[in-house]
Structures are given as C-alpha cells and as structure tokens.
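In what follows, a structure is listed as structure tokens, so that the remarks can point back to it.
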Amino acid sequence: MKKLILGNAAVARGLYESGCEIVSSYPGTPSTEITEEAAKFQEIYCEWAPNEKVALETAFGSALAGKRSFCAMKHVGLNVAADPLYTASYAGVNAGLVIAVADDPGMHSSQNEQDSRHHAIASKIPMIEPSDSQEAIDFMKIAFDMSEKFDTPVLFRMCTRISHSQSIVQLSLRQNHPQKKYEKNIQKNVMTPANAIRKHPIVEKRNKDIAQWAEFSGLNKIELSQDGSSKVGIITSSTSYQYVKEVFGNSINVLKLGLVNPLPKSQIKNFAQNLEKLIIIEELDPIIEEFCRSLDLQTEIHGKDILPICGEYSQNLLKTKLSDLLSKEFPQITDISNLKSENFYKIPDLPVRPPIMCAGCPHRGIFYVLSKLKLNVMGDIGCYTLGAAAPLFAMDMNLCMGASVSSLHGWNKANSENENKSVCVIGDSTFAHSGITGLSSIAYNNSNSTVIVLDNSITGMTGHQQNPTTGKNLYGEPAAKINLEALAKAIGIERVQVVDPYNLSECETIIKQELEIKQPSLIISRRPCALLKEVKPQPPLKVNKDNCKSCKMCMKIGCPAISIKEGKAQIDSTLCVGCKVCTQMCKFGALEQ
C-alpha cells in the first residue's frame with residue numbers, strides 16, 4: 001500500500017514497522033509530530049517526559065530491559081540530553097535504542113542554528129540521515145538493526161524540511177521482536193571510572209567496524225551521471241540532496257550519504273578518484289567538507305568557499321552560488337547567474353508577519369504590567385518569549401529552557417541594588433522541564449528573587465501537548481499533576497501568590513508587593529490558553545465610537561484583534577475572545593461587550 005505522508009509521520013511509521021515498543025519524548029518543533037503520530041499505534045507505548053534528558057534515560061532503561069525503544073527531540077533538546085547520551089555510548093544497549101534529533105536550519109522555531117552532527121561525532125555514536133519520507137521508514141529499520149548489531153545507541157537526524165514535507169511511501173507490516181533477555185553485567189552497564197576506561201577502546205573499535213560496514217550497508221549510494229562524461233561530483237545528504245537533484249537531475253555524479261557519522265572514507269575516495277571538481281553541499285557546518293579535505297583527495301574541492309554556513313539552502317541558492325563554478329559544464333544553471341543578491345531568495349511582495357501572542361493570550365496582561373513597571377525581565381522559551389516583541393518589549397534576556405530562573409538568581413546576586421526591579425517569567429511546561437532546579441537554588445541560596453510562572457495549563461508553542469502540570473498524559477487520560485504551590489513550599493519558597501493575568505490591577509499590586517519583600521517568592525499567573533478546546537470564548541467586544549477619544553491606549557497591549565481605523569479603535573470580532581483586558585486600558589468606556 002502506498003501513501004503520501006509527512007516526514008515525521010514516516011519516522012513514526014518506521015518505529016511501528018521496526019517493532020519499537022517504547023517511546024518517550026519531549027515536544028520540540030520540528031520533532032513533535034513523531035511522537036504524536038507514534039501514539040496512534042496501539043502497539044507502541046508513548047509518553048511525554050518532563051524534559052529530553054528524562055526522555056533519553058527512560059528510553060535507555062526500556063532498551064536495557066529488552067524492548068526496542070525510541071526518543072525524539074529538537075536540536076537544542078539534544079543539549080539537555082547530552083549527559084546520558086555520551087555515557088550511553090559507552091554502555092551500549094540491549095534491545096535497539098534510536099534517538100531522533102530534528103535540526104532547524106533557518107531557525108524557523110528555534111533560538112539558534114545547531115548542527116547535531118557535532119554531538120554524534122563527540123559522543124562517538126552513529127548518525128543516520130534520511131532525505132525523504134520513504135527513507136525515514138527504511139532507515140529507521142536499519143537504525144534499530146544497527147543498534148543491536150553494534151551494541152550502540154543510534155542518532156537519527158531529521159531537519160525541518162524533511163520533517164514537515166510529504167512524499168509517497170510504501171507501507172509494510174510490523175515486524176515484532178521478542179523481548180531480549182536482560183542479563184546482569186556490571187562491567188558493561190555500570191559506568192564507574194574503572195569500567196568506563198575499559199569501554200572506551202571498545203567504542204573506538206565499534207566506530208571503525210561501523211565505518212567498514214557502512215561501505216556496503218546501502219545507506220550511502222553513488223549515482224553516476226547519465227552519460228558518464230561528467231568530471232564533477234557532489235557529496236550531499238538530507239534535504240540538500242533533493243535540491244541537487246532538482247537543479248542537476250541525472251547530469252552530475254552524486255554521492256548521497258545516509259550515514260553521516262562515521263563517514264565512509266573508502267567510498268569517498270573511490271567516488272572522487274577521477275573527478276576534476278568535488279563540491280560538498282551540506283547545510284550548516286562543513287563537517288563532510290572538512291572530512292573530505294583531510295583525505296588528501298587529488299581533486300579540486302569546494303564547499304563553504306561558495307555556499308553559506310548560515311541558514312537553509314534552496315534550489316535557487318544552489319543555482320546562483322554554483323553558476324560561476326559550473327557554467328561551462330552545466331549551462332542550464334546560468335539562466336539566473338545575474339541574480340547574485342541574497343534578497344533573491346526572499347519573496348519581496350509578501351508583507352512581514354512577525355509572530356505575536358494570540359488574541360486573549362493570558363500572558364499578555366502580565367507582560368503589559370511588567371512593561372508598565374519598567375522591570376528587568378529574564379525570559380524563557382515558549383509562547384511568552386513573544387513578550388519581547390512590540391509594543392510590549394517586556395523582556396531583557398532569553399537563553400534556553402529554564403535559564404530565566406537561574407539567570408535571575410545570578411543577576412540579583414551581582415546586582416543587589418536592582419533586586420526590587422527584576423523578575424523572571426517561565427511557563428508551566430518549561431518550569432517542569434528545567435525550572436524547578438533553578439527555583440530550588442533560589443531558595444537554597446536565599447536569593448531575593450521573584451519568579452513568575454505563567455501557567456496556561458498546556459505546552460503552548462509546540463501545539464498543545466500535555467505536561468506534568470496539566471493533569472493529563474499524552475493520550476489525554478487523567479494523570480498525576482504537579483501542584484505548583486505545594487512544590488514551591490516544599491522546595492523552601494515561603495511566599496507563593498496566585499494571580500489572574502486578565503486582572504491587570506491585581507497583577508500589578510501583587511508584583512509590586514513581592515518585589516518589596518526581601519525574600520524569595522513565586523507568583524503563579526494562572527489562566528488556561530485561550531485556544532484550548534475546553535476554554536469557551538466570551539462574546540467579542542465592540543467599540544463605542546462616540547466614547548473613543550483616539551488615545552490608542554488599547555493598542556499598547558499588542559492584541560491582534562485591535563486596530564485603528566479612521567482614527568478610532570476597531571475590534572475584529574473573528575479574533576476577539578472577550579477577555580476584557582483592553583477594557584482596563586480605556587479610561588473612557590469605549591470598549592464594550
């Protein structure tokens with residue numbers, strides 16, 4: 001049976017067909033749909049973990065127990081999981097363990113561009129990289145087999161374009177695998193220094209064995225030019241391979257890599273043997289290129305000397321950047337060679353549409369108050385990151401998941417005279433992910449810091465996934481729920497306040513009050529996300545134009561439902577959810593329900 005499916009859905013299908021039984025992940029675009037799609041298969045147990053470190057440790061434990069296991073995360077999530085990742089490389093596996101990491105070239109939904117191949121190299125773990133949905137299925141099967149054959153975790157690298165594009169796949173039946181027997185082996189599985197030092201040489205030999213095996217694994221393939229006359233070759237992988245095929249078709253020699261760590265030395269040497277030019281096309285860092293240069297190939301090598309190290313590639317980018325180098329061999333790519341400007345890759349006619357908080361977002365009221373009070377705000381990762389945008393500009397820092405809490409503590413220790421002018425904000429999901437330890441540090445070190453948890457009852461920015469603070473599991477079933485108030489007090493935070501972010505005066509009063517107190521405190525801004533199905537919108541507001549004085553105070557909260565037309569406020573009834581935050585801004589009663 002053939003079907004058109006999303007790349008992430010194909011990864012999930014690969015899990016099903018491979019006989020995977022356990023999936024533990026933390027949501028992060030562009031990887032989120034893998035676990036959501038896997039949960040649709042009854043044969044696979046799926047869960048959301050509090051963070052990526054826990055997800056990997058859970059998957060490692062279930063693989064140790066003998067069942068094929070998997071976890072997924074985005075590129076910055078792999079940083080969080082790096083601690084168990086590097087040691088799992090030494091310990092190895094029992095049943096297969098595959099770790100999907102989705103990179104985000106172009107930073108469509110991320111705070112940095114990170115090349116996760118560096119983690120594969122540093123942790124000495126093999127990394128597989130598909131270039132379409134069919135390969136996502138096929139390579140997942142190979143990944144599990146490789147994991148068990150070589151006693152290693154396997155990294156499975158996706159990227160935004162492969163994760164979120166669709167292609168046709170051939171579906172197959174599930175291959176079930178009996179649970180592997182666990183046998184106690186302290187020397188293998190207990191990574192004390194004495195055991196680990198003996199495992200390191202085994203890991204090094206394993207990578208050499210994988211490199212030899214990869215030469216004939218079918219993961220890497222050579223596609224020679226159609227007429228056999230081309231003296232130019234391209235080495236590429238992932239989505240870049242698709243761009244190469246669209247630009248050159250079958251007129252150029254291509255070595256497509258499916259295993260990007262370890263790289264195939266002999267295969268690359270054989271491929272480059274009779275070439276006059278070798279071009280390495282890879283997004284982000286020049287990892288393949290630097291490896292090729294280290295081989296002393298007797299050919300002209302190009303890569304980042306022509307192609308950018310930042311951002312994602314496209315067909316037009318390849319045509320433009322390679323037109324001068326290859327104009328003689330491939331005249332078909334010179335038709336746009338006069339368009340050298342970087343602006344060529346953009347679509348100039350479309351208006352700029354920056355991300356903003358939704359109408360009725362419960363975070364908006366808190367950020368308005370923080371902006372009004374001119375406070376220093378340590379920010380975090382989530383929907384509330386948008387509090388940094390115009391017109392609120394209510395954020396000073398945004399680093400990584402959970403960093404707002406710890407950074408506020410450091411800020412206040414170094415800047416004690418401004419303790420009463422500084423707060424941090426963190427979402428409920430992010431707090432469960434990695435904010436709790438920061439709050440415990442504030443309590444333990446008696447830091448005069450005010451932490452604001454923005455509790456919207458869901459993991460918002462990645463698409464409404466459950467988390468340990470919502471009271472539901474991945475399947476929407478009832479689950480244990482973190483009591484934020486009780487947790488804070490158990491950690492040692494004596495002062496805990498709860499506010500409604502739709503009530504601006506309450507928020508302002510409580511924030512001022514807690515900033516004046518010389519001890520650690522937690523403010524919980526609690527109201528569910530306006531987009532949750534169970535949240536019923538109120539009737540939209542209307543503008544009484546006779547009362548409207550055109551003061552534009554209502555515009556200061558940055559609600560997308562409010563605009564100015566012909567000098568008067570105007571409310572879009574299709575967007576407004578009747579939260580009434582704007583009515584608290586208007587002194588003239590012009591906003592009515």
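Keep in mind it's a predicted model, so treat the numbers as computed, not measured.
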Just so I know, are the side chains of Leu171 and Val169 near enough to count as touching, which here means a heavy-atom distance under 4.5 Å?
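In short, these two side chains touch, coming nearer than 4.5 Å.
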Are [X] and [Y] close enough that a side-chain donor and a side-chain acceptor fall under 3.5 Å?
X: Thr160; Y: Asp104; value: yes
X: Asn253; Y: Lys231; value: no
X: Ser89; Y: Arg206; value: yes
X: Tyr26; Y: Ser429; value: yes
X: His433; Y: Glu52; value: yes
X: Ser229; Y: Asp227; value: yes
X: Asn195; Y: Thr192; value: yes
X: His302; Y: Glu300; value: yes
X: Ser225; Y: Ser230; value: no
X: Asn8; Y: Ser163; value: yes
X: Gln242; Y: Thr239; value: no
X: Ser109; Y: Thr29; value: no
X: Asn79; Y: His119; value: yes
X: Gln298; Y: Gln273; value: no
X: Glu312; Y: His108; value: yes
X: His118; Y: Asp285; value: yes

Pair Tyr16 and Phe41, ring centroids less than 6.0 Å apart:
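Yes, the ring centres sit under 6.0 Å apart.
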Should the pair [X]-[Y] be classified as a salt bridge under the 4.0 Å nitrogen-to-oxygen rule?
X: Glu148; Y: Arg68; result: yes
X: Lys205; Y: Asp209; result: yes
X: Asp103; Y: Lys74; result: no

State which residue, out of Glu477, Lys472, Glu47, fulfils the side chain to side chain contact (heavy atoms under 4.5 Å, CB included) condition with Gln466.
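Exactly one option meets the side chain to side chain contact (heavy atoms under 4.5 Å, CB included) with Gln466, and it is Lys472.
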Taking Ala9's backbone N and O only, do any of them form a donor-acceptor pair with Glu33's side chain (distance below 3.5 Å, no angle check)?
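Side chain of Glu33 to backbone of Ala9: no pair is present.
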For the residue pair Tyr45 and Tyr475, does the interplanar ring angle fall in the parallel (under 30°), tilted (30 to 60°) or perpendicular (over 60°) class?
tilted
Should the pair Lys256 and Tyr241 be classed as cation-pi, given the thresholds of under 6.0 Å to the six-membered ring centre and 45° from the axis?
yes
Give me the atom names and distance for the closest heavy-atom approach of Ile381 to Cys400.
CG1-C, 3.6 Å
